Amino acid sequence: NIKQGTDRFEFADKHGIIILAEGRLLNLGCATGHPSFVMSCSFTNQVLAQLELWEGRKSNKYGNDVYLIPKHLDEKVARLHLDKLGAKLTKLTKSQSDYLHIPVEGPYKPENYRY
């Protein structure tokens, strides 16, 4: 135990892992003082990521590893929250999509771009 909510486990080969909130979702176990909108975005990301992992198990899409959230999920979270910000999003037309060389449905940013 390093401090409340933070534990370090060491393996026989001396490498270790730090576990926050006894392994619960971090925002559920350790969050303090974040605005509800930020928490909503974070929870939505976490839930969609869990669903992606669950669905991916059927095809062995994901192994026992650490992954970045796929861009299409980040963009889905953003779309789900735009109304709260008063933003209106229009859909790309086929001609816009062709001109920009990106799919109508996204993702819209290149793979090296991080949100």
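In this text, all values refer to a predicted model and were calculated from it rather than measured experimentally.
One finds the NE2 atom of His81 at 12.0 Å from the NZ atom of Lys76 (value rounded to the nearest 0.5 Å). Atom CG of Leu53 and atom CD1 of Ile69 lie 9.0 Å apart (nearest 0.5 Å). Atom CD1 of residue Ile19 and atom CZ of residue Arg8 lie 11.0 Å apart, to the nearest 0.5 angstrom. Here the SG atom belonging to Cys41 is positioned 11.5 Å from the CD atom belonging to Gln46, to the nearest 0.5 angstrom. Of the inter-residue distances, the one linking Asn45 atom CG with Leu80 atom CG reads 10.0 Å to the nearest 0.5 angstrom.
Between Leu48 and Val77, the closest side-chain pair of non-hydrogen atoms falls below 4.5 Å. Here the side chains of Phe37 and Leu85 are in contact, with some heavy-atom distance below 4.5 Å. Looking at heavy atoms from C-beta onward, Val104 lies out of side-chain contact with Gln96 at the 4.5 angstrom threshold. In this structure the side chain of Leu51 never reaches within 4.5 angstrom of the side chain of Leu73, judged on heavy atoms.
Between the side chain of Ser42 and the main chain of Val38, no donor-acceptor pair closer than 3.5 Å is present. With hydrogens and angles disregarded, a donor-acceptor distance shorter than 3.5 Å links the side chain of Glu75 to the backbone of Tyr108. Between the side chain of Ser97 and the backbone N or O of Leu92, no donor-acceptor pair lies under 3.5 Å.
For CG of Asp83, the number of neighbouring non-hydrogen atoms (other residues, nucleotides, ligands) closer than 6.0 Å is 12 at most. Glu10 CD: more than 12 foreign heavy atoms inside a 6.0 Å radius.
Residues meeting the side chain to side chain donor-acceptor pair (under 3.5 Å) test with His15, sequence neighbours left out: Asp13. Remark: Thr90 engages no residue in a side chain to side chain donor-acceptor pair (under 3.5 Å) (not counting sequence neighbours).
For the salt bridge (Lys or Arg N to Asp or Glu O under 4.0 Å) condition, the pairs that include at least one residue of residues 40-55, sequence neighbours left out, are Glu52-Lys61, Glu55-Lys58. Counting only residues at least two apart or in different chains, ring pair (Phe, Tyr, Trp, His ring centres under 6.0 Å) contacts with residues 45-79 comprise Tyr62-Tyr67. Screening residues 86-107 for ring pair (Phe, Tyr, Trp, His ring centres under 6.0 Å), with sequence neighbours left out, gives no hits.
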Problem set entry | Check against side-chain contact (heavy atoms from CB on, under 4.5 Å), Phe11 and Ile17 | CA-CA 8 Å; Phe11 296 89; Ile17 186 170; 3.8 Å; yes
For this session: Show your working on side-chain contact (heavy atoms from CB on, under 4.5 Å) between Asp7 and Ile18 and close with a plain yes or no.
Result: CA-CA 6 Å; Asp7 296 286; Ile18 295 174; over 6 Å; no
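Residues Leu89 make up the rest of the hydrophobic cluster containing Leu82, defined by ILVMFWY side-chain heavy atoms closer than 4.5 Å, directly or through other members.
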